[in-house]
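All remarks here apply to the structure that follows.
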Amino acid sequence: MYEEEYGERIVDLSNKNVLLLVTGENEKKIKFYSIGLEKLDDEGNILDLWGTQIKFKRNEQGRLVAVSAGKDRKFGTDDDI
């Protein structure tokens, strides 16, 4: 929704940058998403259910997607979500 509103892609896909942009730290102060503080680490990064930082990437269509390492807490394995 952020990218549609601004007509541009988010370039810095770091966890914290994406979180800030979609939670209202953007030029228009639009909140595209809200998250409880219990789902953040001490540095303000979004965590998955197992306490691992979410990673952001682009899918085949170029859309921004969030990826969880899954239960094993390792990216690139079969349980990634």
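Please read all numbers here as calculations on a predicted model, not as lab measurements.
For the pair D79 (side chain) and D72 (backbone), a donor-acceptor distance under 3.5 Å is present.
Hydrophobic clustering (side-chain heavy atoms under 4.5 Å, transitive across Ile, Leu, Val, Met, Phe, Trp, Tyr) keeps V65 apart from L13. Hydrophobic clustering (ILVMFWY, side-chain heavy atoms < 4.5 Å, transitive): L64 and Y6 are in one cluster. No continuous path of hydrophobic side-chain contacts links Y33 to L49 [ILVMFWY only; heavy atoms under 4.5 Å]. Taking hydrophobic clusters as Ile, Leu, Val, Met, Phe, Trp and Tyr residues chained together by side-chain heavy-atom distances below 4.5 Å, M1 shares a cluster with I35.
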Does the pair T77 and F75 meet the rule for a side chain to side chain contact (heavy atoms under 4.5 Å, CB included), with working shown?
-> CA-CA 6 Å; T77 59; F75 285 97; over 6 Å; no

Test side chain to side chain contact (heavy atoms under 4.5 Å, CB included) on V67 and I81 and set out the steps.
-> CA-CA 6 Å; V67 181; I81 303 168; over 6 Å; no

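Distance check, rounded to the nearest 0.5 Å: CG of L21 to NZ of K31 gives 14.0 Å. For the atom pair CZ of F56 and CG of N15, the computed distance is 5.5 Å after rounding to the nearest 0.5 Å.
Counting heavy atoms from C-beta on, the side chains of L40 and L19 come closer than 4.5 Å.
Applying the salt bridge (Lys or Arg N to Asp or Glu O under 4.0 Å) definition to pairs two or more places apart or across chains, those involving residues 50-66 are E3-R58.
The number of heavy-atom neighbours closer than 6.0 Å to NZ of K29, taken from other residues, nucleotides and ligands shown, is above 12.
What you find for A69 and D80 is that their closest heavy atoms are O-OD1, 3.0 Å.
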Table please: side-chain donor-acceptor pairs of residues 41-48 below 3.5 Å, with sequence neighbours left out.
from: D41; atom 1: OD1; to: E43; atom 2: N; distance (Å): 2.9
from: D41; atom 1: OD1; to: G44; atom 2: N; distance (Å): 3.0
from: D41; atom 1: OD1; to: N45; atom 2: N; distance (Å): 2.9
from: D41; atom 1: OD1; to: N45; atom 2: ND2; distance (Å): 3.4
from: D41; atom 1: OD2; to: N45; atom 2: ND2; distance (Å): 3.3
from: D41; atom 1: OD2; to: Q53; atom 2: NE2; distance (Å): 3.0
from: N45; atom 1: OD1; to: K16; atom 2: N; distance (Å): 3.2
from: D48; atom 1: OD1; to: W50; atom 2: N; distance (Å): 2.9
from: D48; atom 1: OD1; to: G51; atom 2: N; distance (Å): 3.0
from: D48; atom 1: OD1; to: T52; atom 2: N; distance (Å): 2.9
from: D48; atom 1: OD2; to: S68; atom 2: OG; distance (Å): 2.8

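Cation-pi geometry between K28 and Y2 is not met: the NZ or CZ atom fails to fall both under 6.0 Å from the ring centre and inside 45° of the normal.
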